Amino acid sequence: MYYALIDCNNFYASCEQVFDPSLLNRPVVILSNNDGCIIARSKEAKRLDIPMGSPEFKIRPLIKKHDVVIRSSNYALYGDMSRRVMETLQSCTPNLEVYSIDEAFAELSEGYMDSLEAYGQFIRKRVLKWTGIPVSVGIAPTKTLAKIANETAKKYPSLNGVLVLDHRDKAEKVLNRIPVGDVWGVGRKYAKTLQKNGIQTAFELTRQPDSWIRNTMKVTGLRTVWELRGKPCLSVEQTVEPRKGILSSRSFGQPVKNAEDLKEAVTLFASRAAEKLRAQESVAGTITVTLVADKYADHNGQYKFGISVNLPNSTADTTIFSAVSKMVVDQLFDFSKTYKKAWVMLTGIVPESEIQAELFNPSGYSSRQHKLMESMDAVNARFGKQTMMIAGAGVGSNQSWRMKQEHLSPRYTTRWDELMNV
Amino acid sequence: MLYQQKIPEQSKRPSLKEKRSMETGFPSPATDHLEDRLNLHNHLVQNEAATFFCRIRGHDDEILGLYDGDLLIVDRSLAYKHHSLVIAVIDGEQRVCRLWNKGNRWSLQFGDNSFHHLEQNGGAENLLWGVISHVVHSCL
């Protein structure tokens, strides 16, 4: 059994290039919400050393000089293209774990094709042909090695986008070039400790005795090292565990038939989920709203309808979650249906302490929002649940929702009036 | 008694037939033969992940049978064949053209009846954006 990590190359920039070929072979940068700072770059922009996270005004001279194309983040487009890529991958492999908007793990078995290399090329070519998105494929006996194989495949164009680490010496050669801090699961904190102990590369890490690793990096660290040695510890399901979502749901007392009631319900679920999220001092990057219609009203039809929204910035802000939930209801609501249940799920959860401070990004989860949320939780804890709530459409959120998007490309795949013209 | 017991059991599982037959008199003789309505989307879109919609703008492609405002269904997963109607990327712009194949030679025919010959190994694949599988033309 082998694992493949399939990762889209410069995903956001690639999405823009699929529909606007004049952007091909040109430096393209994507700005965060409100056109704050750079969150993605095409490979040409990377080559110009345009730094990630820098605010747009700071690199204006560079933009002028090299004729860099600027785009506001078009999440409607990226979300739909991501779904297409994942669906295409599902047609290539039976067991897929969608890991993020642009990465997925797949289980591959040998013998399905002539070689694992051929399998990797098959996947790469199919995704490129079907969706226009270039991907890199790393294949190895463990997920951690697959991740490294993928990054290496991306780095060296001569590999043609696919690297298979199926032999020990092949893996060792690659691990020798990987700084220990770049290993998936090691993290910045452990990297420092390891470097202090004279361990610089991933290969050196694999040569340390188990007992020492367990002492310094705990069991999870040991697992990482075993994975580097080629002993699988993470399966396609297991990695989902720690990223498990927070769910808030309830069946309705009365079947619900109008959009306003549904919105009220999902707003409530969203605020509850956000409360749970804040209780564990975390932020979430994705919110999924699902509506369940009466299963028996239409026997053959679909009765569960859900949309996942990837938030531009991870947050624990109730106002944002409620606003997004309402938007989703607007999209999903079908007046011919009666709804029996709904749920709101938050995923992509990371500890609040881990989110990168986007200093220049006003839409990030700021300390002011954080204080507001804290006081809201305090009031609710003292006077009972839902004493203090987000009013209707979220009075405070309206303003923040209207983003600054001066360089926005059309939503080519999700709007009739914004289709690609030929 | 037996009759009464049967009724609630039936109403637990409302079927297509019951939902549609509102009449209180004779049941429609067609109820046993009801089938799903034809779904145009399923007909036009065979491969959801690879299918994109585009719009014809302007009058440059009328020779190819495409008119301003026509909706193109482009299935990128389809193989390029002789006489395929395709979208090609020429000078950073998407254009509709007819693909011609003669022996080893492949060429593109544009709406103005001009031709562009594809190099044998000049990355012709990169030039082609997708195969148009259907055209939806509004008559209004």
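On a predicted model such as this, the values are computed, not experimentally measured, just so you know. Naming convention: chains lettered A, B, ... in sequence-line order (proteins, then strands); numbering from 1 in each chain.
Within the 4.5 angstrom heavy-atom criterion, only side-chain atoms of A:M81, from C-beta onward, approach chain B.
Closest non-hydrogen pair, B:A49 versus A:T131, comes out as O-CG2, 4.3 Å. Across A:W130 and B:F52, no two heavy atoms sit closer than the pair O-CE1, 3.6 Å. Here the closest heavy-atom approach between residue A:F19 and residue B:Q94 is recorded as O-NE2, 3.2 Å. The two atoms that bring A:V18 and B:W129 nearest to each other are O-NE1, 2.8 Å, heavy atoms only. Closest approach of A:L128 and B:R76 over heavy atoms only: O-NH2, 3.2 Å.
Atom NE2 of B:H43 has 12 or fewer heavy atoms from other residues, nucleotides or ligands within 6.0 Å. No more than 12 heavy atoms of other residues, nucleotides or ligands lie within 6.0 Å of CG in B:D91, so this atom counts as exposed by the packing criterion. Summarising the local packing, NZ of A:K129 is surrounded by more than 12 heavy atoms from other residues, nucleotides or ligands at distances under 6.0 Å. For NZ of A:K340, the number of neighbouring non-hydrogen atoms (other residues, nucleotides, ligands) closer than 6.0 Å is 12 at most. Counted within 6.0 Å of CG on A:D114, heavy atoms from surrounding residues, nucleotides or ligands total 12 or fewer; the atom is thus considered open.
In this structure the side chain of A:V422 never reaches within 4.5 angstrom of the side chain of B:L66, judged on heavy atoms.
The most heavy-atom pairs under 4.5 Å with chain A, out of B:N47, B:I56, B:V89, B:I87, come from B:N47.
For the atom pair B:E93 CD and A:D20 CG, the distance stands at 10.0 Å (nearest 0.5 Å).
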